[in-house]
There are 2 protein chains.
Amino acid sequence: MDTDMPSDPVSVVAWLEAGLVADSYRLTRARHVILTVMATFGHPFTSTELEQAVADTDASIGRASVYRTLTLMESRGVVEKLHQAGIEHYTLCLKSEHHHHVTCVECGRTEEFAVKDNIDLMSAVDGLARRLGYLPRSHVLEVYGVCPLCQESGAGGSDAAPTNGHGAGGRHPLGRRADR
Amino acid sequence: MDTDMPSDPVSVVAWLEAGLVADSYRLTRARHVILTVMATFGHPFTSTELEQAVADTDASIGRASVYRTLTLMESRGVVEKLHQAGIEHYTLCLKSEHHHHVTCVECGRTEEFAVKDNIDLMSAVDGLARRLGYLPRSHVLEVYGVCPLCQESGAGGSDAAPTNGHGAGGRHPLGRRADR
DNA sequence: GTTTATACTGATACTAAGTATCATTAGGAT
DNA sequence: ATCCTAATGATACTTAGTATCAGTATAAAC
Ligand SMILES: [Mn+2]
Ligand SMILES: [Mn+2]
Ligand SMILES: [Zn+2]
Ligand SMILES: [Zn+2]
């Protein structure tokens, strides 16, 4: 229990909904469907993908509610907007501590890593700011690479084998142009 | 010569245009105006701000050319898109080496810092990726803080005094919500 | 200097992503 | 069962950016 996200979609949704109830948001049909779709994606997703998938699940749910739920979840810190290759992606965040993401450029798989497990890195960021005379406030850090599974299946290959929740058909064309 | 960007707008534009000529792009009136406006901003700017400022300078220049030039420059690596507080900003990049940006959350002032001057930081990023089993490929890093000038003028204040190219009237409402 | 080829232009129409409005519905407290 | 109002779906709108295309002006050839 380390690699594969300990919580299945169902319990993730349950947890998200518990949070909503705790803050006296109402538990609606639309929200349930939208959250379920979000939790079922294993990858970051675009708003359009979400819209699509929700429509496929229940055509009666309106566009606006998809965006409303997305925004609500973002404001609750449980969804985060990423900027992958110029395309806005959203991802569920299970970690509540200060963390960042590593994303596989081949398959889109995303993992969270806690800042507390990488103090050296983060103190380096703050140190850099201070060296330039800045009072550090915040930062954005996103790391891209090839995940273990994609390294196995094809030493320079394109798509991962559809195993281990890895499938979903090579979307996420993260053809990074270069470092930034 | 350290703090205040060694090159004035005019020489920046000259340099940009030299690059265009070198790659046999045409030196047009529209491009000249747009590049001049871009170089005159000291801060990152939104596409809308650019559009505005260009229109103010020369109303005959079309919207499309603004975006065309922006995109062209981006593809040439001399303009970069930043994601400040959810708003897309663009900024000129004078450094051609691998670098990142520190942005002042008070006044929007942005500085570039070369990766080669912060090897510890960057090796920490790669090290992190490798520790998670990823083959590092690229990363996005943006640092936010309060710049030296804004620290002076108001120890918790809002707008910087309009000195030192610092003015332009407290735009850039980078009211970051929290760390990411 | 005049001609010429075509890269680039401005106007305009269009798309994509997201937001605002508002009458209607349904969640959940009592 | 009743009631209040948060949340909804439909729809119109906005904002950021793209595509199209006839016309223009740059730069190279003469
Ligand atoms: Mn996360
Ligand atoms: Mn730069
Ligand atoms: Zn992968
Ligand atoms: Zn400042």
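These numbers come from a predicted model, not from an experiment. Residue numbers start from 1 in every chain, and the chains themselves are labelled A, B, ... in the order their sequence lines are given, proteins ahead of strands.
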Asker: May I ask you to verify if any side-chain N or O of A/Y67 is less than 4.0 angstrom from the OP1 or OP2 atom of C/dT19?
Answerer: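 No, A/Y67 has no side-chain N/O under 4.0 Å of OP1/OP2 on C/dT19.
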Asker: B/L141 and B/H100: which non-hydrogen atoms are nearest, and at how many Å?
Answerer: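 Closest heavy-atom pair between B/L141 and B/H100: O-ND1, 3.3 Å.
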Asker: Classify B/S24 by what it touches in the nucleic acid, base, sugar-phosphate, or nothing, heavy-atom distance under 4.0 Å.
Answerer: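 Nothing: the residue B/S24, judged by heavy atoms under 4.0 Å, touches no strand.
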Asker: Roughly how many Å is it from CD in A/Q52 to P in C/dG18, rounded to a whole number?
Answerer: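 So the two atoms are 14 Å apart, to the nearest Å.
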Asker: What's the CE-P distance between B/M73 and C/dC8, to the nearest Å?
Answerer: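 About 11 Å, once rounded to whole Å.
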Asker: Does a side-chain N or O from A/S47 land closer than 4.0 Å to OP1 or OP2 of C/dA17, or not?
Answerer: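 No, A/S47 has no side-chain N/O under 4.0 Å of OP1/OP2 on C/dA17.
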Asker: Name the residue closer to the 5' end of DNA chain D, choosing between B/Y25 and B/L70 according to the nucleotide with the nearest heavy atom.
Answerer: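 Upstream on the strand: B/L70.
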Asker: Return the value, rounded to whole Å, for the distance between atom CZ of A/F45 and atom P of C/dG18.
Answerer: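 It is 11 Å, rounded to the nearest whole Å.
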Asker: Between C1' on D/dT15 and CG on B/L50, what's the gap in Å once rounded to a whole number?
Answerer: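 About 16 Å, once rounded to whole Å.
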Asker: Can you measure A/H32 atom NE2 to D/dT8 atom C1' for me and round it to whole angstrom units?
Answerer: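 Going from A/H32 (NE2) to D/dT8 (C1'), I get 17 Å.
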Asker: Report the C-alpha separation of A/H43 and A/T110 in whole Å, then their side-chain angles, then the decisive distance to 0.1 Å, and conclude whether the side-chain contact (heavy atoms from CB on, under 4.5 Å) test is met.
Answerer: CA-CA 6 Å; A/H43 302 298; A/T110 291; over 6 Å; no
Asker: For the base of D/dA7, is there a side-chain donor-acceptor partner from A/R26 under 3.5 Å away?
Answerer: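 By the distance-only test, no, there is no pair.
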Asker: OP1 or OP2 of C/dA17 versus the side-chain N and O atoms of A/T48: is any pair under 4.0 Å?
Answerer: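 For C/dA17, OP1/OP2 do have a side-chain N/O of A/T48 under 4.0 Å.
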Asker: Would you say the side chains of B/E17 and B/Y25 form a donor-acceptor pair under 3.5 Å?
Answerer: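 The answer is no; no qualifying pair exists.
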Asker: Please compare A/I34 and B/A64 by the position of their nearest nucleotide in DNA chain D and report the one closer to 5'.
Answerer: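 Whichever sits nearer the 5' end wins; that is A/I34.
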Asker: Rounding to a whole Å, what distance do you find between B/L35:CG and C/dC8:P?
Answerer: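 My rounded result for the distance is 13 Å.
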Asker: Does A/D117 use its side chain to pair, donor to acceptor, with the backbone of A/F113 at less than 3.5 Å?
Answerer: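 No; judged by distance alone, with no hydrogens or angles, the pair does not exist.
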Asker: May I ask you to verify whether the side chain of A/R68 and the base of D/dG9 hold a donor-acceptor pair under 3.5 Å?
Answerer: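 Donor-acceptor pair under 3.5 Å: yes.
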Asker: Verify the distance criterion only: is there a donor paired with an acceptor across the side chains of B/E111 and A/Y134 at less than 3.5 Å?
Answerer: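 On atom types as modelled, these side chains qualify, holding a pair under 3.5 Å.
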Asker: Consider the side chain of B/T28, meaning its heavy atoms from C-beta on, and name the nucleotide among D/dT8, C/dC8, C/dT19 that approaches it most closely.
Answerer: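 Between D/dT8, C/dC8, C/dT19, the one nearest the side chain of B/T28 would be C/dC8.
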Asker: Looking for any heavy atom pair under 4.0 Å, which part of the strands does B/R63 touch: base, sugar-phosphate only, or nothing?
Answerer: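 Answer is base: heavy atoms of B/R63 come under 4.0 Å of a base.
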Asker: In this structure, how many angstroms lie between the P atom of D/dG17 and the CG atom of B/L72, rounded?
Answerer: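 Rounded to whole Å, this separation is 16 Å.
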Asker: Output the single nucleotide from D/dA7, C/dG10, C/dG18 whose closest atom is nearest the side chain of A/Y90.
Answerer: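 Out of D/dA7, C/dG10, C/dG18, the nucleotide with an atom closest to A/Y90's side chain is C/dG18.
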Asker: Give the rounded distance in Å between these two atoms: CZ of A/R31 and P of C/dT25.
Answerer: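 The distance from CZ of A/R31 to P of C/dT25 comes to 19 Å, rounded to the nearest Å.
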